[in-house]
Engineer: 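Here it is: the structure, laid out below.
One-based numbering along the sequence shown. If you're wondering where the values come from, they're calculated on a predicted model, not measured in any experiment. Both counts, for ligands and for their atoms, begin at 1 and track the order of listing.
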Amino acid sequence: MAKRAQILGTGLYVPPDVVTNFDLEKLVDTSDEWIVERTGIRERRFVDGETAASDIALEASRVALDTAGIGPDELDLIILGTVTPDYVFPATACVLQDLLGARNAAAFDLSAGCSGLLYGINIATQFVETGKFEKILCVGVETLSKILDMNDRNTCVLFGDGAGVAVVGESTDDAGILSTYMKADGSLVDMLYMPGGGSRNPSTYESIDARLHYIKMEGREVFKVAVRMMVEASNKVLDEAGYSGEDVDVFIPHQANMRIMEAVAKRVGVPREKVYVNLDKYGNTSAASIGLALDEAVRDGTIEPGHLVLLVAFGAGFTWAGTLIRWS
Ligand code: ACO
């Protein structure tokens, strides 16, 4: 019988420092009222100056491995999605491999913006289904506070830091990952990107003076494309597995903006009460966001065995992805 992949365990870590909308009111011309009404975000977490992506990925990975009941040396592969790696190279996945002591694992990073964790889970699913690998650590981690322009109210109020992890392995029952979908459109790269620090605009005094090492985003345009593509990804994975929006028990969209999540749910036909939201506490944590929501939904009992769980993401690139899971 063909192998099926399943999520064997999840974990999250968020740094302890809470930054509220009221804190941001002191830095830029904004208000708690504007941020809550336009986005649904009330607070977010920021790492301190010394903490890097691998440090918080390590904490979340340990929890996920414990929950899955497997040791780090059993891992065959680590896939780490991030846009805020420890270094341009080598991969943060390799730093994490060493910190974890995952001596038998291959490791690589992937850059798919907020779709990073779902891209990772979908790639891991293929390896498990073919039998090439048995246990894969999928990490979504961001320290976005390090690339936020705290003078730009259009972006600094939206993002937060955190790490969300899922261990993917072979399913031992009929449940598991039923369908996956991934897509990209690179024609709109400059709608959401960090222009500095790569080979296009290497780091120079001039690039730093021009503030090229911060997130730049055309929010209104991103909003429209995000809704359209997350609807597409949702419908693709539901169709492939023979389900519709009404069958979904728990819907976890990328936690970017409350209005985006509600618009997507409505168009896919998922009732509002099935949409899982923790954006209010953490903001948009990019690649970590679906991992933070998935772990909380499992631990607070929202996701139960037998539930049909729809995960859908959209991020810089643009990239978008969906994963449909029968939870076990
Ligand atoms: N506080 C107060 N006013 C603000 C703020 C703020 N923090 N930010 C913008 N405004 C102002 C704007 O300047 C504008 O004023 P103007 O009309 O005088 O020019 C006004 O508010 C309205 O701005 P819009 O951009 O039209 O506001 P909108 O309702 O679209 O909300 C937002 C902006 C929240 C950014 C929204 O467009 C959005 O969420 N977009 C998607 C962003 C997203 O999901 N990004 C992540 C994608 S995933 C990834 O890979 C990271």
Engineer: Name the one of Arg44, Glu296, Arg45 that satisfies side chain to side chain donor-acceptor pair (under 3.5 Å) with Tyr282?
Structural biologist: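 When Arg44, Glu296, Arg45 are each tested with Tyr282, the side chain to side chain donor-acceptor pair (under 3.5 Å) holds only for Glu296.
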Engineer: Can you list, by chain and residue number, every protein residue with a non-hydrogen atom closer than 4.0 Å to ligand 1?
Structural biologist: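 For ligand 1, the residues that come within the 4.0 Å heavy-atom cutoff are Asp29, Thr30, Trp34, Arg38, Thr39, Cys114, Arg153, Asn154, Val157, Leu158, Phe159, Leu192, Met217, Gly219, Arg220, Val222, Phe223, His254, Ala256, Asn257, Arg259, Ile260, Asn284, Phe314, Gly315, Ala316.
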Engineer: Distance-only, no hydrogens or angles: does the Asp249 side chain make a donor-acceptor pair with backbone N or O of Leu308 under 3.5 Å?
Structural biologist: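 Checking the backbone N and O of Leu308 against the side chain of Asp249, a donor-acceptor pair under 3.5 Å is found.
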Engineer: In sequence, state the C-alpha distance, the side-chain angles, and the governing distance for Glu25 and Ser31, and then conclude on side-chain hydrogen bond (donor to acceptor under 3.5 Å, both in side chains).
Structural biologist: CA-CA 6 Å; Glu25 282 180 1; Ser31 67; 5.2 Å; no
Engineer: Not counting sequence neighbours, list each pair that qualifies as a ring pair (Phe, Tyr, Trp, His ring centres under 6.0 Å) and has a residue in residues 284-328.
Structural biologist: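 For residues 284-328: Phe314-Phe318.
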Engineer: If hydrophobic clusters are built by linking Ile, Leu, Val, Met, Phe, Trp and Tyr wherever their side-chain heavy atoms come under 4.5 Å apart, do Ile208 and Tyr214 end up in the same one?
Structural biologist: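 No: no chain of side-chain contacts under 4.5 Å links Ile208 to Tyr214.
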Engineer: Under the criterion salt bridge (Lys or Arg N to Asp or Glu O under 4.0 Å), which of Lys132, Lys3, Lys135, Arg4 is the partner of Glu170?
Structural biologist: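 Checked Lys132, Lys3, Lys135, Arg4 against Glu170; only one passes salt bridge (Lys or Arg N to Asp or Glu O under 4.0 Å): Lys3.
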